[in-house]
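See below for the structure under consideration.
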Amino acid sequence: MTDTDSARPAEGEARGPRPSRLHSLMRFIPLIAPVLLWAVPCWVLLHAGQHWPLAVALVGTAVFFLALVGMPLAMVRGHGRRQQDWAAIIGDTLLGAGWVLFTWSVLLGVLLRAALAVTGVGDSQDRARIVAWAVLGVTAVLLTWGYTEARRVPRVRRIDVQLPRLGAGLDGLRVALVTDTHYGPLDRARWSARVCETVNTLEADLVCHAGDIADGTAERRRAQAAPLGTVRATRARVYVTGNHEYYSEAQGWVVLMDELGWEPLRNRHLLLERGGDTLVVAGVDDVTAESSGLAGHRAHLAGALDGADPDLPVLLLAHQPTFVDRAAAAGIDLQLSGHTHGGQIWPFHHLVRLDQPALAGLSHHGARTLLYTSRGTGFWGPPFRVFAPSEITLLVLRSPRTATAP
């Protein structure tokens, strides 16, 4: 295996992408989201014709008001300058619970209520109370299930990927992908160790971490990340930065991953050779790196490929799927990404699709570029996964030049 460092930037290399529609919308979300998240369920559950006893209505309204005020305050203390883990846990949990409660208040408040009216079930008060109890029941079930899904060791998802330019000597190459581990306020050191044990059972030739290791600095989350040093690969372990590293002193994570025996592919590549054939394994910094202000950090594809034989197949690590436009223009064979979490909590995936070209799984882009987008191994913020299960991915690369190995 040959290690090739990046050289000087190529002239005319494309700069970072323009702000997306989602990024523009995000400017206003902090102002209106908390109000909508809590005001809508408050109305559907307490004030939409149920005629609860006055004490129930007052206490319930007070609870919603405390959530409306407490959630943003807790998130500011948890994710702002103070970085208080207890506050982050409270704020994140309220955010996830509020999102699920809001979603099903809207859906059941409209659909179920209309169905009850059409079928003539009860009077208006009966229907309002049925909707209220249904919302509470569905929310409780989904949050319980979603918490279990978020905290469990992800299932392994295996997929065969045929690359037309892959040499026969590399047929059957096993690539394990983990991404978006998001070590954070909830201590997941034991979970991290179990994830790494699962990765080791895959007997991968190449193990990749596609970024967003943690929320917090390397010094602060070292204990949770330490099990990554136990991961085994027959050829290499490689890593690229995600956008969350740039909220938490990214260079510290680059240094720590190097200490743990991983190769940080910061706009450079390795050559993986087997059976007389070669695969270029390249990586780029996250697309947000340049705006972070860290010297030398930016997504630089030309630098990552500098010195590589253009006739060789290329596997590229890039944290965000949105990078695939540049990858396709450069003729990359396979890009591995994370970032989307598969939406994490349904139906948030609709907003993710405004920002990213793919949500999860394998997709085709341009003349020959394949993109595999992982739903992520961990979770960000709210400790819930609803209809978006986490994954550890095993990609088995196949060459069309030889019969598929058993």
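Starting from 1, each residue takes its place in the sequence as its number. The basis for the numbers below is simple: all heavy atoms, side chains too, and nothing from hydrogens, waters or symmetry mates.
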Side chains of V76 and R81: closer than 4.5 Å at any heavy-atom pair? no
For the backbone of H79 and the side chain of Q83, can you confirm whether one donor and one acceptor N or O come within less than 3.5 Å of each other? yes
Does L272 reach the side chain of L170, with side-chain heavy atoms less than 4.5 Å apart? yes
Looking at W133, I want to see if its CH2 is surrounded by more than 12 non-hydrogen atoms of other residues, nucleotides or ligands under 6.0 Å. no
Closer than 3.5 angstrom, by distance alone: can the side chain of R368 be matched with the main-chain N or O of G331 as a donor-acceptor pair? yes
Can a cation-pi geometry be assigned to R266 and Y239, taking NZ or CZ under 6.0 Å from the six-membered ring centre and within 45° of the ring axis? no
Quick one: does L228's side chain get under 4.5 Å of W262's, heavy atoms only? yes
Crowding at CZ, R232 (>12 non-hydrogen neighbours, <6.0 Å): no
Does one side chain, of T61 or H47, offer a donor that lies under 3.5 Å from an acceptor on the other? yes
Is a side-chain N or O of R155 found less than 3.5 angstrom from the main chain of S390, in a donor-acceptor match? no
Looking at R235 and E273, does any basic side-chain N land under 4.0 Å from a carboxylate oxygen? no
Does any part of the side chain of R398, heavy atoms only, come nearer than 4.5 Å to the side chain of V161, both counted from C-beta? no
For residues H297 and Y246, establish whether the separation of their ring centroids is below 6.0 Å. yes
Mind jotting down which residue pairs meet the salt bridge (charged side-chain N to carboxylate O under 4.0 Å, His left out) criterion with at least one end in residues 200-220? Sequence neighbours excluded, please. D85-R220, D205-R274
Using a strict 4.0 Å threshold on nitrogen-to-oxygen distance, state whether R158 and E391 make a salt bridge. no
Partner of H319 under side chain to side chain contact (heavy atoms under 4.5 Å, CB included), chosen from D285, V287, D180, T241: D180
Does either side chain, that of H365 or that of D325, offer a donor lying less than 3.5 Å from an acceptor on the other one? no
Could you tell me whether a side-chain N or O of S337 sits under 3.5 Å from a main-chain N or O of A318, the two making a donor and an acceptor? yes
Please report the shortest heavy-atom distance between G70 and L94, naming the atom on each side. C-CD1, 4.4 Å
Taking atom CD as the centre, does E249 end up with more than 12 heavy-atom neighbours from other residues, nucleotides or ligands that are less than 6.0 angstrom away? no
Could you tell me if S292 and E290 have a donor-acceptor pair between their side chains, going purely by distance under 3.5 Å? no
Kindly determine whether D286 and V240 satisfy side chain to side chain contact (heavy atoms under 4.5 Å, CB included), including the steps that lead there. CA-CA 8 Å; D286 184 64; V240 293; over 6 Å; no
Should we say atom CZ of R190 is surrounded by more than 12 heavy atoms from elsewhere, each under 6.0 Å from it? no
Quick one: are L177 and I392 in side-chain contact, heavy atoms under 4.5 Å? no
Checking V255 against Q251 for the side chain to side chain contact (heavy atoms under 4.5 Å, CB included) test, could you report, in this order, the C-alpha distance in whole Å, the side-chain angles of both residues, the deciding distance, and whether it holds? CA-CA 6 Å; V255 171; Q251 188 58 37; 3.9 Å; yes
Return the CH2 to OG distance between W253 and S248, rounded to the nearest 0.5 Å. 8.0 Å
For Q50 against A132, the heavy-atom pair lying closest together: NE2-CB, 4.0 Å
Identify the two heavy atoms, one from A74 and one from I90, that lie closest to each other, and give their separation to 0.1 Å. CB-CG2, 4.2 Å
L163 side chain near S399 side chain, heavy-atom distance below 4.5 Å: no
Does the side chain of Y183 pick up a donor-acceptor pair with the side chain of S192 at under 3.5 Å? yes
Please collect all salt bridge (charged side-chain N to carboxylate O under 4.0 Å, His left out) contacts where either partner lies in residues 110-128, sequence neighbours excluded, each pair once. none
Less than 4.5 Å apart, side chain to side chain, heavy atoms only: is that true for L186 and F379? yes
R268 side chain vs P264 backbone, donor-acceptor pair below 3.5 Å: yes
Of all heavy-atom pairs linking L112 and A134, the shortest is CD2-CB, 3.7 Å
Measuring centre to centre across the rings, with the benzene-like ring taken for any Trp, is H182 within less than 6.0 Å of H341? yes
Any chance you could measure T369, atom OG1, to D333, atom CG, to the nearest 0.5 Å? 7.0 Å
Drop me the distance from L173's CG to L166's CG, to the nearest 0.5 angstrom. 7.5 Å
Below 4.5 Å, heavy atoms only, C-beta onward: do W145 and F387 meet side chain to side chain? yes
Return yes if some donor-acceptor pair links the side-chain N/O of T377 with the main-chain N/O of T179 below 3.5 Å, else return no. yes
Are the side chain of R385 and the backbone N or O of R151 linked by a donor-acceptor pair below 3.5 Å? no
Exercise: identify the closest heavy-atom pair between A88 and P185: CB-CG, 3.6 Å
Does Q224 reach the main-chain N or O of R188 with its side chain, forming a donor-acceptor pair under 3.5 Å? yes
Apply the test side chain to side chain contact (heavy atoms under 4.5 Å, CB included) to residues L397 and L315: give CA-CA distance (whole Å), side-chain angles for both, the deciding distance (0.1 Å), then the verdict. CA-CA 10 Å; L397 305 189; L315 183 155; 4.3 Å; yes
When rounded to the nearest 0.5 angstrom, what distance separates CG in L101 from CG in L45? 5.5 Å
Without swapping roles, check the side chain of R237 against the backbone of L206 for a donor-acceptor pair under 3.5 Å. no
Between E259 and R222, does any side-chain N to carboxylate O distance fall below 4.0 Å? yes
Would you give the length of the straight line joining atom CH2 of W99 to atom OG1 of T139, rounded to the nearest 0.5 angstrom? 13.0 Å
Mutual orientation of the aromatic rings belonging to W104 and W346 [parallel < 30°, tilted 30-60°, perpendicular > 60°]: tilted
Evaluation steps, side chain to side chain contact (heavy atoms under 4.5 Å, CB included), between I159 and L394: CA-CA 6 Å; I159 181 171; L394 179 64; over 6 Å; no
So, for W191 and R152, which heavy atoms are closest and what is the spacing to 0.1 Å? NE1-O, 3.0 Å
dist F65:CZ -> C42:SG (nearest 0.5 Å) comes out at 11.0 Å
Has the side chain of D306 got a donor or acceptor atom that lies under 3.5 Å from a matching backbone atom of L301? no
